[in-house]
Structure formats: structure tokens, C-alpha cells
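Everything quoted here is computed from the prediction, not taken from an experiment.
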Amino acid sequence: MKKNIFIAAGLLFSISTQAQFLDILKSTVKDKTGVDLNAPVKTKGSATTTTTTPSTSTKTSATSTANLGNLTSSQISSGLKEALNIGVTDGVKKLALTDGFFKNEAVKILMPEKLRKIDTTLRSLGMGSLADEGVKLLNRAAEDAVTEAAPIFTNAITSMTITDAKNILLSTDNAATNYLQGKTQSQLFTAFQPKVKASLGKVGADTVWKNLISKYNTFTGQAVTTDLNEYVTTETINGVFKMVAQKESGIRNTPAMRTTSILQKVFGAQDGK
């Protein structure tokens, strides 16, 4: 028993002596080198402080808001409507010219898809000129009718409530045009369709197409029909929207195209988005 006590005492003395020795060693190292062996060891990749970097979306949102300055939603809405009105006015003016549709590849009205086989068949029978005339007259009808589109579009723009004007302003190049199209396409179609029907008759497109389809049905033994009025109305409206989208993109990206004070104020604010 006494032997065990002596052994334990010896171990405690040894540990104590080692601890004192280590303390002396650490003190000497610190005095000589300035290195504190008692300081916690930093592992690779650890950090003593945490820096929070704002997310890109937060930065973008803050910057965008700052760029808009003191613009109200009403002012932004007015600026967007102004851009759309200018787009409609300029677009209709260009489309209403002779070949405004026919020689503009972006809006040219082609043979209705379900009648493409008519085109192929007539050409194979040496009647390509009749098919060409049919396509040309569809475009002539659009060029004649499109002048009636301006007041219909203007009314749609004026009565449109832009509920999220700020986001539209800071969005893509043709966001306002897309918004207008989504909100007014059906009412534009309803109002514009009678104008197109009158123009199809005025330029003789309806007569030519009756003859064209009749010849095709005679040669093939089929009974093909199509609603040209609906087709040309849709294509004409889509053509106007394409022109408006081009104008909107120009106003957004080219300061010189901002010809009114409201355009300069509103679209100038979105330049740094």
C-alpha cells in the first residue's frame, strides 16, 4: 500500500515538474521569438470574422431602385405608354406604305400554313404566278387595313392599367410591348377584324383566293377551305406588335430616340439597371 502511495506521489511530482518545464520553455520562446505558444492554433481555411456579402439580387434591386430616383408609378406608367404610342404611330406609318408588309421579312404575311400544300401543287402545275399573286394580295390587304389599327391600338394603350410599371421598366427590351399584347390582343382582334375583311375585298384578295382554292380543289379532288379574314387579322396585329417592340427597344437603348421629356426622364432612369 505504501509502495503504491510513493509511486503515485512520484508521478504527480513528475507531471508537475514537466508542466513547470513547459511553462518555462513557452516563456523563453515568447521572449526570444515573440511567438506565443499558448495562442490557439488557426487551422487552414478558418476565419476569425464573418463577412456577409449582399447577394447579387439584393444589390441589383437596390441599384435599380436608386436609379429610378423619385419617379412615381404614375410617371413610369406614362413613360411606358408614351413609348408604346410612338411605336404604334411609327410602326403603322411604315406598314401602311406599299410593300410595308410585303417587302419587310420581319412581318411579311406568308401562305397560311395549312394551305402550303396548295402553293406546292399549283407551282407543280405551272400556276406559280397565281400563288404569288395570292400571297401578295394578303399583304396588300394588311397594308390597307393597318391604317385603321392606330386608333384601336391607341385606345387600348390609353385604357390599359399598368399594374407593375416599375418591373416592366426594369425588365427586357420589349417588356412593355409584351404586356400590351397580353392585355389587349383579344380586344384588338375583335375591333380590327371588320377592317381587314373590308380590305380583303377592296384589294381583290378574296376573289383571287376563291379562284386559287377552287383550282386546287378541282385538280386534287379535295375540299380545302380557310378563313382568310381571321388569318390576315392575326398576322396584321402581330406585325404591328413587332414594329412596336422594335421601337420600344430603340427608346430603351438609344437616348437620342427619347424625343419627349417623359421618355427622357423615365428611360433615363433605367439606363443603369
Side-chain angles (χ1 to χ4, degrees), residues 76-110 112 135-162 165 168-169 171-200 202-203 205 228-264 266-267 270:
I76 296 173
S77 178
S78 295
L80 294 174
K81 289 182 178 182
E82 177 85 350
L84 292 172
N85 270 315
I86 290 175
V88 168
T89 301
D90 289 359
V92 167
K93 188 181 297 184
K94 292 176 181 177
L95 293 175
L97 297 173
T98 300
D99 293 329
F101 272 90
F102 189 60
K103 290 190 177 179
N104 183 341
E105 292 302 319
V107 298
K108 181 179 180 179
I109 300 175
L110 305 176
V135 170
K136 179 184 286 188
L137 289 178
L138 293 184
N139 286 274
R140 291 289 182 260
E143 291 158 9
D144 180 73
V146 76
T147 55
E148 303 289 340
I152 297 172
F153 269 80
T154 299
N155 181 61
I157 292 169
T158 302
S159 61
M160 181 179 61
T161 300
I162 301 181
I168 292 174
L169 177 63
S171 189
T172 56
D173 279 357
N174 57 348
T177 304
N178 288 340
Y179 186 85
L180 174 66
Q181 188 167 11
K183 292 290 185 181
T184 65
Q185 178 88 23
S186 60
Q187 73 181 74
L188 288 170
F189 182 90
T190 300
F192 193 50
Q193 192 172 28
K195 314 292 184 183
V196 172
K197 184 176 182 178
S199 291
L200 286 168
K202 180 179 178 181
V203 303
L228 287 180
N229 188 15
E230 180 179 344
Y231 175 68
V232 175
T233 299
T234 299
E235 291 299 299
T236 305
I237 290 174
N238 288 342
V240 175
F241 276 123
K242 286 180 182 178
M243 300 299 284
V244 175
Q246 288 179 10
K247 193 69 174 183
E248 179 189 350
S249 179
I251 290 173
R252 284 180 180 272
N253 297 298
T254 309
M257 293 181 67
R258 300 165 191 166
T259 54
T260 67
S261 59
I262 188 65
L263 291 180
Q264 292 164 6
V266 171
F267 288 94
Q270 59 93 61

Next on the checklist: Once rounded to the nearest 0.5 Å, what's the spacing between atom CG of Leu180 and atom CG of Leu80?
Outcome noted: 11.0 Å
Checklist entry - Got a second to check how far Lys81's NZ is from Ser159's OG, nearest 0.5 Å? => result 7.5 Å
Next on the checklist: Assess whether a salt bridge exists between Arg140 and Asp99, defined as any Lys/Arg side-chain N lying under 4.0 Å from an Asp/Glu carboxylate O.
Outcome noted: yes
Item to check | Donor-acceptor under 3.5 Å (Gln264 side chain, Arg258 main chain) | outcome: yes
Next on the checklist: Distance check, rounded to the nearest 0.5 Å: Phe102 atom CZ versus Glu143 atom CD?
Outcome noted: 8.5 Å
Next on the checklist: Under 4.0 Å between a side-chain nitrogen and a carboxylate oxygen: does that hold for Asp173 and Arg252?
Outcome noted: no
Item to check | Check: Phe267 main-chain N/O paired with Gln270 side-chain donor or acceptor under 3.5 Å | outcome: yes
Checklist entry - Going through the checks in order, is the side chain to side chain contact (heavy atoms under 4.5 Å, CB included) test met by Met160 and Leu84? => result CA-CA 11 Å; Met160 181 179 61; Leu84 292 172; 3.9 Å; yes
Checklist entry - Can you name the nearest heavy-atom pair linking Ile109 to Tyr231, along with the distance? => result CG2-CE2, 3.6 Å
Checklist entry - Distance-only, no hydrogens or angles: does the Glu248 side chain make a donor-acceptor pair with backbone N or O of Ala175 under 3.5 Å? => result yes
Next on the checklist: side chain to side chain contact (heavy atoms under 4.5 Å, CB included) for Val107 and Asn139? Distances and angles first, verdict last.
Outcome noted: CA-CA 9 Å; Val107 298; Asn139 286 274; over 6 Å; no
Checklist entry - What closest approach, in Å, do Asp144 and Ser199 show between heavy atoms, and which atom pair accounts for it? => result OD2-OG, 2.5 Å
Checklist entry - Is the ring centre of Phe192 less than 6.0 Å from the ring centre of Phe153? => result no
Checklist entry - In this structure, are over 12 heavy atoms from other groups packed under 6.0 Å from Lys183 atom NZ? => result no
Checklist entry - Within a reach of under 6.0 Å around NZ of Lys195, are more than 12 heavy atoms found that belong to other residues, nucleotides or ligands? => result no
Next on the checklist: If the condition is side chain to side chain donor-acceptor pair (under 3.5 Å), which residues does Gln193 pass it with, not counting sequence neighbours?
Outcome noted: none
Checklist entry - When rounded to the nearest 0.5 angstrom, what is the spacing between CD in Glu82 and CG in Leu263? => result 5.0 Å
Next on the checklist: Tell me which one of Thr236, Thr184, Thr234 satisfies side-chain contact (heavy atoms from CB on, under 4.5 Å) with Phe189.
Outcome noted: Thr234
Item to check | Rounded distance (nearest 0.5 Å) linking atom NZ of Lys108 with atom CD of Glu235 | outcome: 12.5 Å
